[in-house]
2 protein chains.
Amino acid sequence: MARYRVGLETRERILAATRRLLSEFGIEGVTLKAITDQAKVGAGSFYNLFDSKDDAVFEVVREAVEAVDPDPAGAGTDSLEDLVDAFVAFMTGSSPIARIYLQLAGRGLTDPAIASRVLRSHRRRVERFADAWQRHEPGLDAIEAEHRAEVTLAALTGLGMTALMDPGFDMRAHAQRVLQDPRLQPER
Amino acid sequence: MARYRVGLETRERILAATRRLLSEFGIEGVTLKAITDQAKVGAGSFYNLFDSKDDAVFEVVREAVEAVDPDPAGAGTDSLEDLVDAFVAFMTGSSPIARIYLQLAGRGLTDPAIASRVLRSHRRRVERFADAWQRHEPGLDAIEAEHRAEVTLAALTGLGMTALMDPGFDMRAHAQRVLQDPRLQPER
DNA sequence: GCAAAAGTGGAACGGACACTCCAATATGTA
DNA sequence: TACATATTGGAGTGTCCGTTCCACTTTTGC
């Protein structure tokens with residue numbers, strides 16, 4: 001969409017403004033007016049570069065998720081611990097955009113368009129975790145690894161929600177249990 | 001608030017309408033107009049009986065959560081399996097209000113008023129699970145039981161989210177893993 | 001340097017929606 | 001019955017917001 005240099009710059013300004021607003025005020029604080037004011041841009045410019053307000057929001061969240069990936073290249077070198085750490089960092093780290101991610105997931109519960117976006121990224125993540133499980137425990141069959149991954153990730157997501165609502169909640173400590181928990185561990 | 005018989009009846013009609021709308025259209029489908037139309041009531045009547053739209057929504061969700069409680073009297077007789085089953089039933093059962101519960105939790109991530117409501121009910125639930133853990137494994141110390149409860153519940157919440165977004169997801173099967181303790185089982 | 005295309009600001013539009021207000025009526029009580 | 005108070009409908013209010021439209025300017029490739 002953006003073809004000229006100025007257009008690309010404007011696009012970045014808009015994304016930065018959106019990111020900042022999401023961080024500071026949450027998803028409800030992000031209105032088109034807020035974005036365009038913050039980015040010092042007219043509404044026309046916005047719609048010249050984005051299809052909709054949500055379009056910009058999704059892009060910001062996508063970038064934030066990517067930023068904490070321990071293995072962005074997909075080299076298959078990330079351990080379970082790495083992945084859990086990355087997830088915890090994402091949820092409890094300085095970027096409040098984790099909230100937005102979970103809220104979007106919440107909207108996905110009734111909005112099929114959002115659900116498919118969220119599910120797609122969920123699937124990718126489950127696969128990453130399943131692979132890590134297999135590296136962690138060679139010989140684990142694929143189905144079993146995927147099931148473990150699903151539960152691991154579910155637990156992390158649930159813990160993340162609690163952590164985001166309760167400032168006193170120690171997500172890291174609980175998350176470590178997820179890997180230590182005998183129920184999720186190999187026998188013996 | 002309602003003092004006369006007619007008032008109480010109207011209140012019930014409003015709650016029934018809200019429940020129905022939540023079930024059918026999700027939280028976005030519930031507008032004041034929709035509620036009052038469905039309940040065949042004027043806006044004035046609504047605000048005579050409820051403080052706000054959210055007030056009615058919360059009440060409906062609260063009742064739905066209560067309805068699947070395996071031990072409403074709090075007699076302390078519910079087993080871990082009962083609790084997990086109840087949670088799975090709540091999430092995958094016929095009442096689509098589970099979605100609403102999770103969505104409200106999502107809103108709690110940025111709205112402190114909602115967060116405190118959600119956290120309060122979360123705490124109660126964690127306690128129920130912790131107690132059940134202790135009954136399940138006598139001699140378990142209280143802190144350990146609570147930590148297990150926190151993780152168990154987090155995993156169930158996460159699985160619930162996936163289940164609600166992905167119709168093909170078998171939540172029950174995954175949820176059973178959450179309780180499985182390989183150390184107590186001969187073989188998987 | 002010139003045109004075609006991209007970029008720009010911001011007024012205006014259309015619609016949604018929670019909530020208020022109030023005059024009229026129904027209800028319960030003494 | 002008489003009266004205080006609860007209940008009622010629904011028009012009206014105020015506000016917010018995403019998006020469109022368009023005349024004008026800037027950029028870029030040639």
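Worth saying up front: this structure is predicted, and the values here are computed from it rather than measured. Residue numbers start from 1 in every chain, and the chains themselves are labelled A, B, ... in the order their sequence lines are given, proteins ahead of strands.
Over its full length, the helix from C:dG1-D:dC30 to C:dA30-D:dT1 turns its helical axis through 20°, comparing axes from the five pairs at each end and rounding to 10°.
The list of ring-ring contact (aromatic ring centres under 6.0 Å, His included) pairs with a residue in residues 58-82 of chain B, not counting sequence neighbours, is empty. Evaluation of the ring-ring contact (aromatic ring centres under 6.0 Å, His included) test over residues 144-167 of chain B, restricted to residues two or more places apart or in two chains, returns A:H174-B:H147. Applying the ring-ring contact (aromatic ring centres under 6.0 Å, His included) test to every pair with at least one member in residues 68-106 of chain B, sequence neighbours left out, gives these pairs: B:F90-B:Y101.
In this structure, A:E9 places its CD atom 14 Å from C1' of C:dT8, rounding to the nearest Å. Between the CD atom of B:E28 and the P atom of C:dG15 there is a distance of 20 Å, rounded to whole Å. Nucleotide C:dA6 holds its P atom 16 Å from the CZ atom of A:R11, rounded to whole Å. Distance, B:I14 CD1 to D:dT7 P: 11 Å, rounded to whole Å.
Distances shorter than 4.0 Å separate none of the side-chain N or O atoms of A:N48 from OP1 or OP2 on C:dA6. Between B:T10 and D:dT8, a side-chain N or O to OP1/OP2 separation shorter than 4.0 Å is present.
Under the side-chain hydrogen bond (donor to acceptor under 3.5 Å, both in side chains) criterion, A:D78 pairs with A:R128, A:R135, not counting sequence neighbours. Evaluation of the side-chain hydrogen bond (donor to acceptor under 3.5 Å, both in side chains) rule for A:R19 yields A:E63 as partners, not counting sequence neighbours. Scanning for ring pair (Phe, Tyr, Trp, His ring centres under 6.0 Å) contacts around A:F50 gives A:F46, with sequence neighbours left out. With sequence neighbours excluded, the residues that form a salt bridge (charged side-chain N to carboxylate O under 4.0 Å, His left out) with A:D54 are A:R107. With sequence neighbours excluded, the residues satisfying side-chain hydrogen bond (donor to acceptor under 3.5 Å, both in side chains) with B:Q38 are B:R20.
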Atom pairs and distances, side-chain donor-acceptor, residues 158-167 of chain A, under 3.5 Å, sequence neighbours left out:
from, atom 1, to, atom 2, distance (Å)
A:T162, OG1, A:G158, O, 3.4
A:D166, OD1, A:G168, N, 2.9
A:D166, OD2, B:R123, NH2, 2.3

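Mapped onto DNA chain D by nearest heavy atom, B:A2 and A:T31 fall at different nucleotides, with B:A2 at the one closer to the 5' end.
Note: the hydrophobic cluster containing B:Y4 does not contain B:V41 (ILVMFWY, side chain heavy atoms under 4.5 Å, direct or indirect links).
The pair A:R177-B:E150 fails the salt-bridge criterion, with no side-chain N (NZ, NE, NH1 or NH2) lying under 4.0 Å from an Asp/Glu carboxylate O.
Taking a 4.0 Å limit (strictly below) on heavy-atom distances, residues 33-41 of chain B reaches DNA chain D at B:K40, B:V41.
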Protein within reach of the bases, or only the backbone? For nucleotides 19-30 of chain C, mark each nucleotide 5' to 3' as B, S or -, using heavy atoms under 4.0 Å.
BBB-----BS--
